[in-house]
Amino acid sequence: MNNYTKQAPKPVGQTSIFTIRKRSFALVFAFVATLFALSSAVANFSTAKGLESIPKAIIWMAANFVPDEKAISRLPNILSKLAETALLAVAVTVCSALCAFFFSLLGTKTTKINPWISRAVRAFASFFRNVPNIVWAILLMFSFGQNILTGFFALFFASFGMLVRMFIETIDEVSSSCVEALHATGATFLQTVFQGIIPSSLPNIISWVLYMVEYNIRDSALIGLLTATGIGNLFDLYYKRLDYASASLVVICIAVMVISIEIASNKIRKVIM
Amino acid sequence: MGELAIALHSIDLSEQSKYMKKTRKGKIRTAAKTKSAAALKLTVIALLLLTAIGFLSFDYKKVNAAQAAFSTVQNARVLFAQPRLSYNTVAGIARALFVTFSLGALSTIFGAILGFFGALMCARNISNPTLSNIVRSFVAFIRAVPTILWVLILTVAAGLGSVAAVVGLTFHSAAYLVKAYSESIEEIDSAAIEALKASGASYWQIIFQAVVPSSISYMLAWTFLRFEINFTNAIAVGAAAGAGGIGYDLFMAGSFYFSLRELGFITYVVAAAVIALEALSTKVKAKVG
């Protein structure tokens, strides 16, 4: 009898890893299937219609959603709105990053200012992060009207909340050891910030800022739709006029813009990190 | 004795000039001049410059910013301090919240399925380079277009309602998850794949016995993160594309009824839901990861 062909005896009282894997897979599958069925019922969604709509959408897009000559003649207007949106995204991100950096200094464990202040700052940031930016946009619309400042502040509040969280995590991760060393030498708070925290965490912070610029350009389309400003409003205008050729050019311009910013940020990230 | 001290001193000086660089003012340089430091400086300057150009070029339409800011603060106080429902019922809001949750769940499930197969084609270690590059560029384009625009485009093709919302949200989720999953797959140890290949395992055996088990925890973490994003996106889509759910109620309260108190109540419900989801996904991630 060849020993190698014999199966290894099963250990008593211990299920094999394959059985556990199969069981957990079945459990997850059942959970997802239930969630799917319930969600379809609640949202009144039919999978058949959804699947049907994709080829229909592709055919429709190929026929109507292509820039024509009239759309090309609108390119200067689209590009100027796009430039405005991009500058807005950068301005919002830089301003919110400056505020967020200040607040994250109060919020990190690294600077050890006061546990209660730290907790308060985290809750404050969480508030701005979790109130949806469309609420900020609607609230600001009441007073600022259809103005670029409406978009600016709506994006600002949401970015601020996100960046405080990112910066606190970054500072705690990257700077804590050098801050400890500076504390040991008796450095003051400002010295710790300027000689320790900023130099060590700046590459990561810039990386987050670049990510946030990209994010804000995409989000400004949504805010623009709601507040009738910027590139989102331009898309909405063409879309409601059923001028899909021009609307498609807006979409293509946004995509090109976001992709070029993504490529540029990835290059910058590779050099600075 | 004195000579020795002088000799030591001169050695010290020559050593110093070798290892210590001084600035023009004669201070000791504490940071090395490197390419990355220069790039960092340049990036910061460029960002600040663009911000300045932005502020100078914006068309403010002569808005009275101080007055508007003051009334915004007053409005915010009404919004957050006196939340009250008058146009909707609590049951209606709860139902709308479930609809939004369902839209988020459906688009996450579809996105995860499509994202998984997309990632298999996109991950460089298990796919061929041409296919990988094609999928990569396709996905980058889909991700670059804002979710709301996908939903609006699909609304024309599929009609107003949950179908356009789910398919539109799925587009973006799938593209996002292809990138996230393929990065998780690229990070796995190549030894497991090679061992299975050497033993003559088929493609799907390699996928389900090596690739999935070693990257599943990262994939789940990304899926939960995407679910949170989809939930917030479903709110936005409801508001801007009329796709229903709590986002639509939010939009109606603010832009149709002009009721700050109503808006405040719904905002608190939404914020509580988002925080609960975040806590839940952190818990699940901790258990899985």
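First the proteins, then the strands, lettered A, B, ... as listed; each starts at 1.
When heavy atoms are compared at a cutoff of 4.5 Å, B:Phe251 approaches chain A by way of both its backbone and its side chain. Heavy atoms of B:Ser71 lying under 4.5 Å from chain A belong to its backbone as well as its side chain. For a residue to count as touching a neighbouring chain, one of its non-hydrogen atoms must lie under 4.5 Å from one of that chain's; by this rule A:Leu149 touches chain B with the side chain only. Neither the backbone nor the side chain of A:Ile217 has a heavy atom closer than 4.5 Å to any heavy atom of chain B. The part of B:Phe80 that comes within reach of chain A is its side chain, from C-beta onward, which places non-hydrogen atoms under 4.5 angstrom from that chain. Looking at B:Val237, neither its backbone nor its side chain comes within 4.5 Å of chain A, counting heavy atoms on both sides. Neither the backbone nor the side chain of A:Met257 has a heavy atom closer than 4.5 Å to any heavy atom of chain B. Residue contact with chain B, scored on non-hydrogen atoms closer than 4.5 Å, involves the side chain of A:Ile268 exclusively. With a 4.5 Å cut-off on non-hydrogen atoms, B:Phe141 touches chain A through its backbone and its side chain both. The contact between A:Val209 and chain B is made entirely by side chain atoms (from C-beta outward), counting heavy-atom distances below 4.5 Å. Residue contact with chain A, scored on non-hydrogen atoms closer than 4.5 Å, involves the side chain of B:Leu79 exclusively. Of the atoms belonging to B:Ile109, it is side-chain heavy atoms, and not backbone ones, that fall under 4.5 Å from chain A. Only the side chain of A:Glu262 comes within contact range of chain B, with heavy atoms under 4.5 Å apart. Only the side chain of B:Glu278 comes within less than 4.5 Å of a heavy atom in chain A; its backbone stays farther off. With a 4.5 angstrom heavy-atom cutoff, A:Phe153 does not touch chain B via any of its atoms.
Atom CZ of B:Phe98 sits in a sparse spot, with 12 or fewer heavy atoms from other residues, nucleotides or ligands closer than 6.0 Å. Heavy atoms from other residues, nucleotides or ligands lying under 6.0 Å from NZ of B:Lys41 number 12 at most. The neighbour count for B:Arg95 CZ, taken as heavy atoms of other residues, nucleotides or ligands under 6.0 Å away, does not exceed 12. Residue-environment remark: CZ (A:Phe194) stays at or below the threshold of 12 foreign heavy atoms within 6.0 Å. No more than 12 heavy atoms of other residues, nucleotides or ligands sit less than 6.0 Å from atom CD of B:Gln67.
Interatomic distance, A:Lys49 NZ to B:Ser162 OG, rounded to the nearest 0.5 Å: 8.0 Å. We find the CG-OG distance between B:Leu40 and A:Ser207 to be 11.0 Å, quoted to the nearest 0.5 Å.
Using a 4.5 Å cut-off on side-chain heavy atoms (C-beta onward), A:Val131 and B:Tyr268 make no contact. A 4.5 Å side-chain heavy-atom check between A:Arg218 and B:Arg143 finds every atom pair outside the cut-off. The shortest side-chain heavy-atom distance between A:Ile54 and B:Val167 falls under the 4.5 Å cut-off. Side-chain contact between B:Leu106 and A:Thr47 is absent, with no heavy-atom pair separated by less than 4.5 Å. By the 4.5 Å heavy-atom criterion applied to side chains, B:Ile153 and A:Tyr244 are not counted as neighbours.
Chosen from B:Val274, B:Val99, B:Thr72, the residue pairing most often with chain A at heavy-atom distances under 4.5 Å is B:Thr72. In terms of heavy-atom pairs under 4.5 Å with chain A, the best-connected choice from B:Pro146, B:Ala253, B:Gly54 is B:Pro146. Interface remark: of the candidates A:Asn147, A:Ile254, A:Val258, A:Leu225, A:Asn147 forms the most heavy-atom pairs closer than 4.5 Å to chain B. Annotation: maximal heavy-atom pairing with chain A below 4.5 Å, among B:Leu154, B:Leu263, B:Ile275, occurs at B:Ile275. Taking B:Ile142, B:Leu152, B:Leu42 one by one and counting their heavy-atom pairs under 4.5 Å with chain A, the maximum is reached by B:Leu152. The candidate from A:Leu222, A:Asp219, A:Ile58, A:Leu210 with the greatest count of non-hydrogen atom pairs under 4.5 Å with chain B is A:Leu222. Heavy-atom pairs under 4.5 Å with chain A peak, among B:Phe110, B:Trp150, B:Phe171, at B:Phe110. Of the residues considered (A:Val213, A:Val251, A:Ile59, A:Val92), A:Val251 shows the highest number of contacts with chain B, using heavy-atom pairs under 4.5 Å. Most heavy-atom pairs under 4.5 Å with chain A: of the set B:Thr43, B:Leu103, B:Thr232, this distinction falls to B:Thr43.
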Open item on the list: The test is side-chain contact (heavy atoms from CB on, under 4.5 Å); show your working for B:Phe55 and A:Phe152 and say whether it passes.
Closed with: CA-CA 11 Å; B:Phe55 279 125; A:Phe152 180 87; 3.6 Å; yes
Open item on the list: Show, in sequence, the C-alpha distance, side-chain angles and deciding distance for A:Tyr239 and B:Thr155, and conclude whether the side-chain contact (heavy atoms from CB on, under 4.5 Å) test is met.
Closed with: CA-CA 11 Å; A:Tyr239 179 82; B:Thr155 304; 3.8 Å; yes
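The shortest heavy-atom contact between B:Gly254 and A:Phe142 is O-CZ, 3.5 Å. Across all non-hydrogen atoms, the minimal contact from B:Asn75 to A:Ser143 is ND2-OG, 3.4 Å. Residues B:Ala39 and A:Val271 approach most closely at CB-CG1, 3.6 Å, considering heavy atoms.
Looking at residues two or more places apart in sequence or on another chain, you find no salt bridge (charged side-chain N to carboxylate O under 4.0 Å, His left out) involving B:Lys35. Evaluation of the side chain to side chain contact (heavy atoms under 4.5 Å, CB included) rule for B:Ile53 yields A:Leu87 as partners, not counting sequence neighbours.
By a heavy-atom distance cut of under 4.5 Å, A:Pro132, A:Ile134, A:Val135, A:Trp136, A:Ile138, A:Leu139, A:Leu140 are the residues of residues 132-140 of chain A near chain B, going up by number. Chain B is approached within less than 4.5 Å, heavy atom to heavy atom, by A:Leu35, A:Phe36, A:Ser39, A:Ser40, A:Val42, A:Ala43, A:Asn44 from residues 35-44 of chain A, ordered by number.
Outside the 6.0 Å centre-distance limit, the rings of A:Phe144 and B:Tyr60 are not counted as a close aromatic pair.
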